[in-house]
Asks: 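One structure, as structure tokens, below. Some questions next.
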Amino acid sequence: MAERRLVPAPATGRHPGWPARLGPLRVAAGVVELRKPRLTDASAWSRVRLADRHHLESWEPTVPGTWEERNGVLSWPSQCSTLRALGRRGMSLPFVILVDGRLAGQITVGNVVRGSLCSAWVGYWVTSRLTGGGVATAAVALVVDHCFAVAGLHRLEATVRPENVPSLRVLEKLGFRREGVFERYLDVAGAWRDHFCLALTTEDVPNGLVSLLLASGRAHID
Ligand code: ACO
């Protein structure tokens, strides 16, 4: 049996893989980079989220408060601080997605479990302004390679509503395996929704996902 490399949770100090700056990668929509969330992202984040309510709301977990309350400028500092605290503790790897230097979405690796599991989930959103431009695909590829090569994870899972065709397409372009259906899994847009579970392990992508995107011509390095 091949020897496995287990990365224990560090007792103190920095955790492997976060903070980090990932990219740049050029796709059809522009140049994609990922970095940690900053308090100064408040107005750009809020502007995009308020304008994109109809694009985002059907796919996001149900949380208390109106869309305006949850996505106003004033709600960002606590969300940003929570994300960064989870990142510092090694429980999450939260990133904002920049396209040509402008905030265009978020991608988060959450529920990081180490020990003999070394697994986490990945979730993301991208502004409707850039739909179909390859941004989410590039962001997921960058994050997966980083989690496997630097953060010491072995498996990444994504759960997606069966109706979310664009998100399923993102994951299937990258070779995520559809492993099954989680019934009534998550409260999304006000009801318990079934989700497909898709996953990748390090063995699936020995040369990484960015190299696949570069080879297919879907992404370029300037
Ligand atoms: N039917 C079929 N295919 C579609 C449709 C559609 N209605 N809309 C888009 N697509 C395709 C695109 O053509 C593209 O495929 P292609 O490259 O083969 O042409 C693919 O879906 C989308 O790929 P990207 O361009 O990389 O993705 P994009 O940057 O547009 O972001 C995303 C996709 C993240 C789903 C975005 O639309 C979004 O934020 N939606 C709302 C929030 C959301 O659904 N987040 C994901 C939740 S699930 C999760 O986080 C695991």
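Just follow the structure's listing: the first ligand is 1, and inside any ligand the first atom is 1.
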Asks: How does Thr137 reach ligand 1, by side chain, by backbone, by both or by neither, if only non-hydrogen atoms under 4.0 Å count?
Replies: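 For Thr137, the contact with ligand 1 is made by both the backbone and the side chain.
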
Asks: So, for Phe95 and His146, which heavy atoms are closest and what is the spacing to 0.1 Å?
Replies: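 Taking Phe95 first and His146 second, the nearest heavy atoms are CZ-CD2, 4.4 Å.
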
Asks: If you count the atoms of ligand 1 from 1 in the order shown, which ones are under 4.0 Å from a heavy atom of Val122?
Replies: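 Those atoms are 51 (C).
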
Asks: Which heavy-atom pair separates Arg184 from Asp194 by the least distance, and what is that distance?
Replies: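 Scanning both residues, the minimum pair turns out to be N-OD1, 2.7 Å.
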
Asks: Does Val27 come within less than 4.0 Å of ligand 1, judged by its heavy atoms?
Replies: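 No, Val27 has no heavy atoms under 4.0 Å from ligand 1.
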
Asks: Determine, counting only non-hydrogen atoms of the protein, whether one lies under 4.0 angstrom from atom 29 (O) of ligand 1.
Replies: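 Flag for atom 29 (O) of ligand 1 set to true, protein heavy atom closer than 4.0 Å.
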
Asks: Keeping the roles fixed (side chain from Thr201, backbone from His154), state whether a donor-acceptor pair exists under 3.5 Å.
Replies: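 Absent.
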
Asks: Salt bridge check: are Glu60 and Arg53 linked by an N-O gap of less than 4.0 Å?
Replies: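 No.
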
Asks: Over all heavy atoms of both residues, which pair between Trp45 and Gln106 is shortest? Give the atoms and the distance, please.
Replies: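 Scanning both residues, the minimum pair turns out to be NE1-OE1, 3.0 Å.
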
Asks: Can you check which of Asp52, Thr108, Val126 brings a heavy atom nearest to atom 39 (O) of ligand 1?
Replies: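 Going through Asp52, Thr108, Val126 one by one, Val126 has the nearest heavy atom to atom 39 (O) of ligand 1.
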
Asks: For ligand 1, indicate whether the residue Asn164 contacts it via side chain, backbone, both or neither (heavy-atom separation under 4.0 Å).
Replies: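 The answer is the side chain.
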
Asks: Under 4.0 Å and counting heavy atoms only, is there anything from the protein next to atom 19 (O) of ligand 1?
Replies: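 It does not; no protein heavy atom is within 4.0 Å.
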
Asks: Run the contact test for Arg218 against ligand 1 with a 4.0 Å cut-off on heavy atoms, strictly below, and give the result.
Replies: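 Within the 4.0 Å threshold, so yes.
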
Asks: Below 3.5 angstrom, do we get any N/O pair linking Ala158 and ligand 1?
Replies: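 By distance alone, the answer is no.
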
